[in-house]
Amino acid sequence: MEKAYWLGRNRASLKAAQHAVSAEARLIHYDLAGRYSLKALSAETQAIDLADVLPPAIYARNGSSPNKLRSNV
């Protein structure tokens, strides 16, 4: 979700750069677009890293689903 947000900001900045009146404004919008692109890439790698850190799900014996767990009381 966060990646989609940053990519949307990137596209908006590129569009603003194309319609900019001055070279300075165009440069600023292109700079922002580059920063948003890096943010999107960072958000993607953070999501991948988080998936690697989380432990695998623990299920009861016989491959039961988590909804069918029985207590040993």
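Residues: numbered from 1 along the sequence shown.
For K3 against A40, the heavy-atom pair with the smallest separation is CG-O, 3.8 Å.
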All N/O donor-acceptor pairs, side-chain side in residues 10-20, below 3.5 Å, sequence neighbours left out:
unit_1 : atom_1 : unit_2 : atom_2 : d
S13    : OG     : R9     : O      : 3.3
H19    : ND1    : K15    : O      : 2.8

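Applying the side chain to side chain donor-acceptor pair (under 3.5 Å) test to every pair with at least one member in residues 20-31, sequence neighbours left out, gives these pairs: D31-R35.
Here L41 is tied to no hydrophobic group at all, with no ILVMFWY side chain closer than 4.5 Å. Within the hydrophobic cluster formed by Ile, Leu, Val, Met, Phe, Trp and Tyr side chains joined at under 4.5 Å, directly or through other members, Y5 is accompanied by W6, I28, L32, Y36.
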